[in-house]
Amino acid sequence: MSLLKRKAPVHTVYEKCLDCYKCIRMCPVKAIKVVKGQAHIMYDRCICCGRCVTNCPTQAKRYRSDVETVKLLISGNKKVVVSLAPSFVSDLPGWTSQTIIAALKKLGIHAVSETALGADFLSAQIAKDLGSQDIINGGDKPRFMISSACPSIVAFIKLYKPELAPFVSPHASPLLTHARFLHSRYGNDTAVVFIGPCFAKKQEADLYENDIDVAITFQELDEWLQKERITPESVASLVTPDCVFQPRRSAKGAFFPIEGGEITAFGAYISKAASDTGQKINTVTASGISVVQKILSGFKVDSLEKPLFLELLACTGGCINGPGVSSAVTGIIRSTKLRDYAGTADDTLDDSTLSMSPSVEANYPLCALPHNIYSEQEISDALQLVGKSNIDDRRNCGSCGYDTCRDLAVALLNGWAEKSMCASYMRKLASQTANGIMKSTPSGAVIVNKELQIIDCNEPFARIMGEETEKLYADIPGLEGADLTKIAPFASHFKTVIELNGPDQVQCDIREGKKIFHIKVFAIEKGETAAGIVDDITEPRVRIDKTVERAQEVIKKNAAVTQQIAFLLGENAAESEAILNSIIESYTTEEEEHDA
């Protein structure tokens, strides 16, 4: 069992989540639900591909750090052995196999072995399976096999493609195979720590905690080494003949981290199987979860005419571009470095090493997810909730994160989404609310663009601006496109507010003939639009409103002064407030009687 209680491999820092829904957009299986505007990972649906972490603009999505768990293991009584992914050569610039082993030993690690050794054990077994007479002649073994090397792909197929689940290789992943080998070599009290580029290995360690104690990423290792001030130069003097991979370096299993690497690793065995049987075994490789989804869509195993092996990887280009890599090396350089390194390895392990292969059988403990089926009426009703009543309304903009409006409707029905996620719905709601406010306010309200053309206005604004404007409003409700400079004497204040270096708002009184306009102008979007509230304070109703407003201001100011000089004023402040309140009450009563 783990020394520390573990959180899920990927989690959300909710105070950083800004409801942008990018994590939903990037999640290939939409394993994220939104609750009160914040994105929550649905762990039972997550395939731990890490795309939400690498694409979150605010770093609200993060993966679990397990360095402290490794430190506790080192401080315990167990021997801690590292299973190091071969892609270290492409992700940790400046380090060699000797210096990284010396550094890990300085941190307290007992021994270091290549995860690719497990890949070699696995390659030998898969080649044997694919070369068997049964698989080629359509015997008891399947004519079709999907690699089990990538835990994210295995999770995707088990959860979302259950019809293909029986064809996933029954063998363990390279890491699990290697971990079992290390336990057999160093004893059951050994603690196995994986270091590599993958988040999904953390989930794999959780699922197989008796075999893999903990998994950390290259990012975590790099940060740990920096914190301890360990560099390639600082450990150069610590390199000894013992600073080598145990019990030996891997063979072509080192190719596994790149697209097509698994097929390369057992290629020689595949060729031998084909020559023995006289039949060809097809192999196909694909990387990137979106590509994998496409090639598996509509695929029927019955359509195969010859045996097929599928090598599928969740990360584009392979594990070398996993979410746990550092950003110090570009993708192309990662690939070339790994190819150069793996190219110098032996083609296969020697027979004595292969004889040490542990059991490579495994059963990934995941099963197909329940799938809710909704009627067309239910989906239509859900679409109505976000104002999508017809086909034209359902032209998806993608702002919610879902591929189609229909997908959003299903998510709403499942309780994974909220109406506020739909940008077009919120835009309509905001527009309706703004229109309602503009039409209900007794003051004049107007919105203009940077050319001072009216975008919208209400009827009181047209009436305040005079008879001609009021007639124009009757013909063109909202006065859209009208030139404010030809209608209002205060248009220059709107221009002042819209200017990027201008004030955010302006409030003043403007006299025009017998009228006095009180205006409040404020920027909606600097450089683009501004809004204004206009009152003719010579109108009786406005005079009453202004008197009440100013009386309330006097009360507020008087109350503040009272707190400071109450000991001087005594009861005078209370009397002043009572007098002012009586003024407000008398005006309010007068207004109500006038309305009646």
Side-chain angles (χ1 to χ4, degrees), residues 387 420 423-500 502-553 556 584 587-588 591-592 594-595:
S420 59
S424 60
Y425 166 73
M426 293 303 291
R427 193 179 297 113
K428 288 179 184 177
L429 185 63
S431 178
Q432 291 170 358
T433 302
N435 289 338
I437 292 173
M438 287 189 69
K439 286 178 172 56
S440 62
T441 180
S443 297
V446 62
I447 301 173
V448 301
N449 61 23
K450 60 184 177 183
E451 282 81 27
L452 299 187
Q453 293 175 329
I454 294 177
I455 297 173
D456 195 12
C457 74
N458 62 1
E459 187 176 0
F461 174 78
R463 176 177 50 77
I464 291 170
M465 290 298 98
E467 186 176 346
E468 289 187 7
T469 305
E470 193 170 5
K471 288 180 180 178
L472 181 62
Y473 183 89
D475 295 331
I476 309 174
L479 297 179
E480 183 177 0
D483 188 348
L484 183 68
T485 60
K486 296 179 179 179
I487 293 175
F490 41 74
S492 60
H493 292 293
F494 284 78
K495 190 170 187 62
T496 299
V497 167
I498 290 176
E499 290 176 352
L500 294 175
D504 291 334
Q505 63 178 12
V506 168
Q507 184 172 195
C508 62
D509 292 336
I510 302 291
R511 179 179 291 276
E512 177 73 7
K514 296 181 179 180
K515 294 183 177 181
I516 300 176
F517 299 116
H518 179 78
I519 64 168
K520 296 178 183 178
V521 184
F522 55 91
I524 296 176
E525 183 180 1
K526 273 292 187 181
E528 295 296 331
T529 54
I533 303 297
V534 184
D535 286 307
D536 179 1
I537 59 176
T538 59
E539 291 185 356
R541 175 183 292 275
V542 176
R543 287 200 301 269
I544 293 172
D545 289 343
K546 291 300 176 185
T547 303
V548 172
E549 180 183 329
R550 288 171 184 175
Q552 289 173 330
E553 289 176 1
K556 185 176 180 180
I584 293 173
Y587 271 114
T588 303
E591 183 179 356
E592 290 174 350
H594 179 271
D595 290 342

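Note that the numbering runs from 1 along the sequence shown for the chain. Hydrogens, waters and symmetry mates play no part in the numbers below; they use all other heavy atoms, side chains included.
Between the side chain of Lys526 and the backbone N or O of Gly502, at least one donor-acceptor pair lies under 3.5 Å.
Under the salt bridge (charged side-chain N to carboxylate O under 4.0 Å, His left out) criterion, Lys471 pairs with Glu467, sequence neighbours left out. For Thr529, the side-chain contact (heavy atoms from CB on, under 4.5 Å) criterion is met by Ile455, Ile524, Glu525, not counting sequence neighbours. Applying the side chain to side chain donor-acceptor pair (under 3.5 Å) criterion to Thr469, with sequence neighbours excluded, gives no partner residue. The side-chain contact (heavy atoms from CB on, under 4.5 Å) check on Ile476 picks up Leu472, with sequence neighbours excluded. Annotation: side chain to side chain donor-acceptor pair (under 3.5 Å) contacts of Gln453 (sequence neighbours excluded): Asn449. By the side-chain contact (heavy atoms from CB on, under 4.5 Å) test, Ser492 pairs with no residue at all, sequence neighbours left out. Among residues two or more places apart in sequence or in another chain, the salt bridge (charged side-chain N to carboxylate O under 4.0 Å, His left out) test is passed with Lys428 by Asp393. Pro477 meets the side-chain contact (heavy atoms from CB on, under 4.5 Å) test with no other residue; sequence neighbours excluded. With sequence neighbours excluded, the residues satisfying ring-ring contact (aromatic ring centres under 6.0 Å, His included) with Phe517 are Phe490.
Residue pairs meeting the salt bridge (Lys or Arg N to Asp or Glu O under 4.0 Å) criterion with at least one partner in residues 441-466, sequence neighbours excluded, are Lys450-Glu528, Arg463-Glu539. Within the structure, salt bridge (Lys or Arg N to Asp or Glu O under 4.0 Å) contacts touching residues 479-498 (residues at least two apart or in different chains) do not occur.
Between Pro460 and Thr441, every side-chain heavy-atom pair lies at or beyond the 4.5 Å cut-off. At a threshold of 4.5 Å between non-hydrogen side-chain atoms, the residues Leu479 and Val446 do not count as touching. The side-chain heavy atoms of Ile510 and Lys515, taken from C-beta on, include no pair separated by under 4.5 Å. Put simply, the side chain of Asn458 reaches to within 4.5 Å of the side chain of Phe461, judged on heavy atoms. Residues Ile519 and Cys508 are in side-chain contact: their nearest non-hydrogen atoms beyond the backbone lie under 4.5 Å apart.
If you take CZ on Phe494 and CD1 on Ile498, they are separated by 8.5 Å, rounding to the nearest 0.5 Å. Remark: Arg511 CZ to Thr538 OG1 distance equals 9.0 Å, nearest 0.5 Å. To the nearest 0.5 Å, atoms CD (Gln505) and CD1 (Ile533) are separated by 11.5 Å. Distance check, rounded to the nearest 0.5 Å: CE of Met465 to CD of Glu470 gives 11.5 Å.
A pairwise comparison of heavy atoms in Ala462 and Tyr473 identifies CB-CB, 3.6 Å as the closest pair. Annotation for Gly444 and Ile464: closest pair N-CD1, 3.9 Å, computed over non-hydrogen atoms. The heavy-atom pair separating Val497 from Ala530 by the smallest distance is CG1-CB, 4.4 Å.
At a cut-off of 3.5 Å, with distance as the only test, no side-chain donor of His518 or Asp535 sits close to an acceptor on the other residue.
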